Structure formats: structure tokens, C-alpha cells
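As C-alpha cells, the structure follows; a few thoughts come after it.
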Protein chains: 2
Amino acid sequence: MKDVATAAGVALKTVSRVVNEEPGVTPATARRVLAAIERLGYRRNESARLLRRGRTATIGLVIEDVGDPFYSGMGRAVEQVALAHGSLMFSGSSGEDPRRERDLVLAFCARRVDGLVIVPAGPDHGYLRPELDAGVAAVFADRPGGLDADTVLCANSAGAYAGVAHLLRRGHRRVAFLGDDPAIFTAAERLAGYRRALADAGLGADPSLVAMGPPERAGAALSAMLAGGDPPTAVFTGNSRITVAVLRAGHRPPLVAFDDFELADLLVPGVTVVAQDPMGLGRTAAELLFERIAGGRGPARRIELPTRLVPRGSGELPPAPGTAGPGHR
Amino acid sequence: MKDVATAAGVALKTVSRVVNEEPGVTPATARRVLAAIERLGYRRNESARLLRRGRTATIGLVIEDVGDPFYSGMGRAVEQVALAHGSLMFSGSSGEDPRRERDLVLAFCARRVDGLVIVPAGPDHGYLRPELDAGVAAVFADRPGGLDADTVLCANSAGAYAGVAHLLRRGHRRVAFLGDDPAIFTAAERLAGYRRALADAGLGADPSLVAMGPPERAGAALSAMLAGGDPPTAVFTGNSRITVAVLRAGHRPPLVAFDDFELADLLVPGVTVVAQDPMGLGRTAAELLFERIAGGRGPARRIELPTRLVPRGSGELPPAPGTAGPGHR
DNA sequence: ATGAAAGCGCTAACAT
DNA sequence: ATGTTAGCGCTTTCAT
């Protein structure tokens with residue numbers, strides 16, 4: 001900038017004026033400055049500018065896995081909103097590891113990001129407290145972070161309820177639930193929705209029809225249930241990895257799956273799903289964030305995004321004859 | 001920092017020394033400083049630090065779509081390498097729009113990123129010239145950028161060759177090629193591989209068996225071929241979006257597809273693919289980048305990553321009887 | 001072992 | 001309309 005000023009025979013500040021399109025510069029001078037800029041290949045150092053101005057026009061995104069379709073869709077939406085607000089986006093994957101999440105978040109904060117969108121990897125976000133107090137905005141997405149920050153979730157419980165109710169409506173009375181580790185917020189919520197649906201239909205909860213745990217064990221868990229004395233006639237899976245695990249194990253039961261996935265419509269039968277809205281999640285989270293960055297006050301908000309039931313065949317299958325006939329309880 | 005210095009009763013520089021773990025500080029003083037840091041909740045401003053030091057410890061990643069599984073897998077690998085080098089990563093999607101790509105790249109350069117990994121959206125990267133001359137490192141991934149920068153590609157031509165040869169080995173003599181717009185580098189390369197495989201097998205190139213264009217038209221293109229007088233007995237698809245379009249259109253021909261995709265193994269029959277290595281692409285690109293950032297000189301390198309043929313059933317089907325019997329030429 | 005001063009590249013506030 | 005000075009938060013250089 002100094003060089004440009006010298007080359008154009010003006011003071012530093014004039015160059016600054018031109019670069020920032022501030023008023024108070026003769027067209028002629030401006031032209032001389034612009035010529036010098038062009039000739040010297042000058043580019044404003046945005047970092048220095050932002051250091052001076054106090055805002056960084058940068059947000060940080062921490063998700064479980066940048067490579068996962070659900071989260072990367074979310075990331076795409078966050079990116080769009082960020083760009084619309086003239087901000088760039090740091091992104092990083094926590095890999096579901098609370099320590100890595102913390103390191104990433106703190107690294108972003110050290111860069112003085114204006115705000116953070118976080119998919120919490122762990123339950124404890126105490127480390128964020130000082131940062132929030134220091135003025136960083138933060139929004140939790142997909143799961144609550146245990147702090148009084150804005151939070152955007154999917155309607156996990158209501159979605160599971162709708163999916164299970166869909167199966168019950170087809171005449172199923174014994175519906176299995178295959179979910180992830182109940183320590184995971186979404187897994188627990190979906191299980192609750194399943195239970196509520198059964199209860200509302202006047203059905204008791206049979207613990208032998210519920211298996212919670214790592215996706216890679218879901219196939220075996222279902223095999224065991226089906227081999228048991230009083231097997232399920234339909235299955236509700238709690239997330240995509242479990243759904244895929246069940247399908248890979250060769251099972252093709254009447255099925256409703258929580259979370260949509262690529263090509264679900266091409267399988268035979270097509271897989272009926274309770275679709276979430278990853279883009280909506282990202283967009284909403286980012287919009288809340290920028291409201292806060294713009295100075296929005298008020299208590300933390302908690303928004304639940306609706307799910308959508310997409311019938312494709314697997315969820316519309318009736319109970320296999322003989323497995324749960326009339327009189328069966 | 002000033003506040004910490006005051007609170008600890010030392011000079012600014014001493015705080016700096018402690019924070020940077022530089023030698024020349026008595027353990028006792030260090031302790032006093034650390035206590036003040038803790039008490040005041042001080043966090044070093046990394047941006048200011050990096051402004052002074054001249055490096056930003058930041059790289060930029062520009063891909064087609066952060067939400068696409070292939071590119072987001074690549075991004076994950078780039079991120080890992082970046083973190084291993086103590087750098088953070090800006091990421092952005094070009095959406096295949098050269099102007100957006102340019103804007104993103106320039107925005108990253110204005111933030112003085114140390115380097116860039118770019119999946120080129122357009123053929124013209126002249127705008128990058130001044131930035132490269134200014135010292136930014138850059139690596140092109142997945143497609144060449146038309147500049148003398150390091151480039152990492154998949155073996156598009158060789159991969160297509162292998163896939164087509166696989167079909168020919170099963171007795172197919174009329175293999176259709178459904179590819180994307182040949183203006184896209186990868187599409188053209190894969191077409192070339194297809195042609196080479198036919199030529200090496202002593203087969204002439206039948207233009208009526210080649211359809212290049214947007215994925216959403218691939219289904220109709222294949223339907224037309226199959227309804228023609230001398231239809232193909234097998235199909236090679238040039239990318240995943242085309243593969244899916246063909247399958248969605250209801251076709252289940254003997255098929256080898258370029259690029260792997262989630263659940264290819266669960267379809268009936270399983271889809272035989274020529275798998276690329278998105279993580280390898282990202283890792284290699286990032287490693288080359290950090291070599292350059294570290295000061296590596298020498299001419300631009302061009303690396304091709306091998307593909308892998310994954311037989312799953314669809315590519316092992318013989319010609320349907322009567323469509324291409326002996327004597328047919 | 002510790003500190004004072006200069007400066008990274010820029011903008012804000014106040015001259016002229 | 002243009003220029004000067006101070007300072008964002010830090011590190012570097014050179015004292016002490």
C-alpha cells in the first residue's frame with residue numbers, strides 16, 4: 001500500500017480511500033492510484049484490514065465428518081449463508097471426538113471467528129463458556145450442546161413417532177427398533193418417539209424388540225430377533241448407517257428408516273424413510289448465527305425442523321402371513 | 001496482552017515469551033504470568049500474530065460442491081493433512097461456476113492463505129498468475145488447471161480402458177459409452193480410454209454407441225440406443241450421476257460404471273465399478289501443497305492416481321442371447 | 001532475565 | 001480533496 005502510494009505520488013490514506021471506495025477522491029487521482037495498483041499487482045491484505053476493524057468476517061463450522069453426506073449437505077447450506085453475508089468459512093471435522101472438537105473450536109476462536117456452527121461431539125461444552133463471554137456467537141446444530149446457545153434440531157422424536165405409526169397403520173403389531181448408542185442424543189430421542197407411538201397405539205413395549213448399539217452390530221441383532229420365538233413383523237431403523245447395515249446383512253423386512261439416503265429409491269423394494277432436512281438445518285443454524293453476529297440479543301432459541309415421511313415400498317408392506325395373524329397378541 | 005502484562009507486573013514482551021514458550025523467563029515469573037492469563041481469560045489473537053509473522057497457517061480448498069460425496073471425501077483428506085501441518089482450512093464450493101471459483105480463490109488470497117487446493121471449474125486460470133507470482137502455493141486436483149502448477153489426477157483414461165476391457169472379456173462386442181459433456185476434462189479422458197480399449201480389441205468405433213451430454217439425458221439416450229437396429233449389449237457409464245440416471249430410468253444392462261458410489265453393492269445386480277480414490281486425491285494434493293509451502297522448488301509435477309476395478313455382478317453379465325451372437329459383427 | 005521501541009498492513013480520527 | 005498520526009495485537013530487534 002505504501003508502494004502504491006509512492007508510485008501514484010499520493011499519501012497512504014488516499015490509496016486506502018480508493019481501495020475502499022470512500023468519497024473524497026478526485027476521479028483523476030483515483031485513476032492514478034488504480035493504475036499504480038494495477039501496475040504493481042497490489043492486493044489488499046484482508047487479514048490486516050480485519051485486524052484493524054475488529055471483525056474477521058469469518059465463521060467456523062465444526063461437524064462430525066466433512067465427508068459424511070448428511071453433514072456435508074449441512075455444510076453446504078452454512079457456506080451459502082456465510083457467503084451471502086460476505087463471510088468466509090473455516091471448516092473442520094470432529095470425528096465425534098470431543099477433544100478434537102474442542103481443539104478445533106479453540107483454534108477457530110484464536111483466529112477470532114465472528115461465530116461458530118457446531119455439531120456437538122460431546123455433552124460437555126464448558127470450554128466454550130469463556131469464548132462466548134468474550135463475544136463469539138455460537139449455534140449448535142443437530143444436537144444440543146448443553147449451553148444456553150441457540151440450537152437447531154431435527155424433530156427426532158416426532159419423526160420416529162410418524163415412522164412407527166406408519167407401520168402400525170399397515171397392521172404391524174410387533175415393530176423392532178434398531179438404534180444407535182442411546183448416549184447419543186438423537187438416538188435416545190428417536191427411541192422415545194418409537195415408544196410413544198407404541199404406547200399411543202395401546203401396545204406394550206417389548207424390550208426384546210429394541211436393540212441399541214453400534215451400527216455394525218445391527219444386522220446380527222436383527223437376525224437374532226427374527227430367529228426368536230416371537231419375532232417382529234416390521235423394523236424401524238434409527239439412522240442411515242444402521243439401515244445400511246441391516247440391508248447389507250441381507251434383511252429385507254417391512255421397514256421404515258430414519259434419515260434418507262442416496263439410492264434408497266433404487267433398492268427393491270424402495271426404502272420408506274423419515275427424511276431429515278440437512279440443508280434446512282445448516283441454513284437455519286447459519287441464519288440464527290448471523291442474527292447474533294449482527295447484534296441480536298434475547299434468550300437462546302431452540303428450533304426443531306420437521307421431518308417428512310417418504311413412502312417408497314418397504315414401509316407399506318403388510319405383516320408376512322402367519323407371523324402376526326389375528327388373535328396374535 | 002497488555003492487560004496481562006500489567007496484571008502480572010511485567011512487560012508486554014515477557015508475556016509474549018511465556019505464551020510462545022521462549023527461553024529466558026524465570027519459572028517464577030512465568031507462573032505469575034500464567035496466573036494472570038488464567039484470571040483474565042486471555043487468548044492470544046492468532047490473526048495478529050500471523051500478520052506479524054507473515055504466514056497465516058491457513059490453506060484454502062475450492063471444490064465443486066462441498067456436499068458431493070466424492071469431493072467432500074477429498075476435502076476430508078485435505079483437512080487431515082492440513083491439521084497435521086498445523087494449518088486450518090477455508091473451504092468453499094464453486095458449483096462448477098468459473099466466476100464463483102475465481103471469487104473464492106481471490107477471497108482466500110486476500111486473506112493471504114499459504115496455499116490452495118483447487119478443483120478447477122473452468123479452463124482459464126489466468127487470474128491466478130499474479131497470485132502465484134506473489135508466492136501463494138497452488139495444487140490442482142481432479143482436473144488440470146491449465147497453469148504450470150502441481151496437479152493430481154485420477155487415471156481417467158486407463159480406468160475407462162480397464163472397465164471397457166472387462167466387458168469385452170465377457171464377450172461383449174457392442175459396448176455403449178454414456179459420458180458427460182466432453183468439454184469436461186474427465187469426460188473427454190474417459191471417452192479416450194473407451195476408444196483405446198475398443199481399438200486394441202480390433203473393434204471399430206461406432207458413433208451411434210456414444211452419447212455425451214448432461215446426466216439427466218443419459219437415460220433417454222440409452223433407451224434410444226436400445227430401441228435402435230443394432231443395439232449395444234453392454235454399457236459403460238462415465239460418471240456416477242450418469243450411472244444413477246441410467247438406473248433410475250429403469251435400465252439394468254450389463255454395466256461397468258466409472259466412479260464408485262454408496263450402495264452400489266446393494267442393487268440387484270451389484271454394480272461393477274471403476275473406483276477412484278477421492279481420499280488419495282485429497283491427501284496427495286495436500287501433501288504436494290505443503291511441500292511447496294515449505295519451500296519446495298522444481299518444476300510442476302503431475303501425478304495420476306490408479307483406479308481399481310470392483311466386480312459386483314453387473315459387469316460380469318454375458319451378452320443377452322440373440323443380441324450379439326456368433327457371426328454378428 | 002527482562003524490557004523498550006519499531007513495525008506487520010491496514011483503518012479511524014482528526015488535521016489541513 | 002488530501003495528508004498525518006495513532007493504534008488494532010502481536011513479534012522482532014536491540015537494549016539493559
Side-chain angles (χ1 to χ4, degrees), chain A residues 1-37 40-58 86 106-114 131 134-136, chain B residues 1-37 40-58 86 106-114 131 134-136:
Chain A
M1 194 146 173
K2 193 159 65 176
D3 297 345
V4 172
T6 313
V10 298
L12 200 71
K13 178 63 209 180
T14 303
V15 180
S16 173
R17 286 213 176 83
V18 172
V19 168
N20 292 311
E21 300 179 339
E22 283 173 25
V25 181
T26 331
T29 338
R31 218 159 321 123
R32 274 213 329 282
V33 171
L34 287 172
I37 286 178
L40 273 60
Y42 168 77
R43 298 276 192 276
R44 174 169 67 191
N45 183 329
E46 207 66 20
S47 308
R49 169 171 209 240
L50 296 166
L51 169 63
R52 183 65 240 240
R53 305 202 71 189
R55 270 198 43 195
T56 56
T58 305
L106 292 181
F108 291 164
C109 287
R111 294 299 227 289
R112 294 296 188 268
V113 294
D114 299 327
E131 314 297 334
V136 209
Chain B
M1 195 145 172
K2 193 159 67 176
D3 297 345
V4 173
T6 313
V10 297
L12 200 70
K13 177 62 211 181
T14 303
V15 179
S16 173
R17 286 211 177 85
V18 172
V19 168
N20 293 309
E21 302 180 337
E22 284 172 26
V25 181
T26 333
T29 335
R31 218 161 318 124
R32 275 214 327 282
V33 171
L34 288 171
I37 286 177
L40 272 61
Y42 166 78
R43 299 276 193 274
R44 173 169 68 191
N45 183 329
E46 207 66 21
S47 308
R49 169 172 210 239
L50 295 167
L51 168 63
R52 186 62 241 242
R53 305 201 72 189
R55 271 197 42 195
T56 56
T58 304
L106 291 181
F108 291 164
C109 287
R111 293 298 227 291
R112 295 294 188 270
V113 293
D114 298 328
E131 313 298 333
V136 207

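These numbers were taken from a predicted model, which means no experiment stands behind them. Lettering of chains follows the sequences in order, A, B, ..., and the numbering in each one begins at 1.
With C:dC8, D:dT2, C:dT2 as the candidates, the nucleotide lying closest to the side chain of B:Leu51 is C:dC8. Distance from the side chain of B:Lys13 is smallest to C:dA4 among D:dT2, C:dA4, C:dT2. Comparing D:dT2, D:dT12, C:dT11 by their closest approach to the side chain of B:Arg52 singles out D:dT12. Ranking D:dT12, C:dT2, C:dG9 by closeness to the B:Val25 side chain, first place goes to C:dT2. Residue A:Ala11 places its side chain closer to D:dT4 than to any other of C:dG3, D:dT4, D:dC10.
Note on A:Asn45: every side-chain N or O is 4.0 Å or more away from OP1 and OP2 of C:dC8. Distances shorter than 4.0 Å separate some side-chain N or O of A:Thr14 from OP1 or OP2 on D:dG3. Applying the 4.0 Å criterion to OP1 and OP2 of C:dA1, one finds that B:Thr29 has every side-chain N and O outside that range. Side-chain nitrogen and oxygen atoms of B:Ser16 include none within less than 4.0 Å of the OP1 or OP2 phosphate oxygen of D:dC10. The phosphate of D:dT11 (OP1 or OP2) has a side-chain N or O of B:Arg49 nearer than 4.0 angstrom.
Atom-to-atom distance recorded for B:Arg44:CZ and B:Asn20:CG is 4.5 Å, nearest 0.5 angstrom. Between the CZ atom of B:Arg52 and the CG atom of A:Leu51 there is a distance of 12.5 Å, given to the nearest 0.5 Å. Summarising the geometry, atom CZ belonging to A:Arg111 is positioned 9.0 Å from atom OG belonging to A:Ser47; distances are rounded to the nearest 0.5 Å.
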| Worked check of side-chain contact (heavy atoms from CB on, under 4.5 Å) between B:Lys2 and B:Val15 | CA-CA 8 Å; B:Lys2 193 159 67 176; B:Val15 179; over 6 Å; no

| request: Output, in order, the C-alpha distance, side-chain angles, deciding distance and verdict of side-chain contact (heavy atoms from CB on, under 4.5 Å) for B:Val19 and B:Ile37. | output: CA-CA 9 Å; B:Val19 168; B:Ile37 286 177; 3.9 Å; yes

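A:Val10 comes within 4.0 angstrom of sugar-phosphate atoms only, judged by non-hydrogen atoms across all strands, and of no base. Note on A:Arg44: only backbone sugar-phosphate atoms sit closer than 4.0 angstrom, heavy atoms only; bases stay farther off.
Per the geometry, CG belonging to A:Leu50 stands 19 Å off P belonging to C:dC8, to the nearest Å. Rounded to a whole Å, the NZ atom of A:Lys2 is 10 Å from the C1' atom of C:dC8. Rounded to whole Å, atom P of D:dA1 lies 15 Å from atom CZ of A:Arg31. Summarising the geometry, the separation between CG on A:Asn20 and P on C:dA13 is reported as 14 Å, rounded to the nearest angstrom. Distance CZ (A:Arg53) to C1' (D:dG9): 17 Å, rounded to an integer number of Å. D:dT12 atom P lies 7 Å from atom CD of B:Glu22, rounded to whole Å. Whole-Å rounding puts the A:Arg17 CZ to C:dC10 P distance at 16 Å. B:Arg55 places its CZ atom 17 Å from the C1' atom of D:dT12, with the value rounded to the nearest Å.
Side-chain atoms of A:Phe108 and A:Val136, non-hydrogen and from C-beta on, never get closer than 4.5 Å to each other.
Side-chain to base pairing of A:Arg112 with D:dG9: no donor and acceptor N or O lie closer than 3.5 Å to each other.
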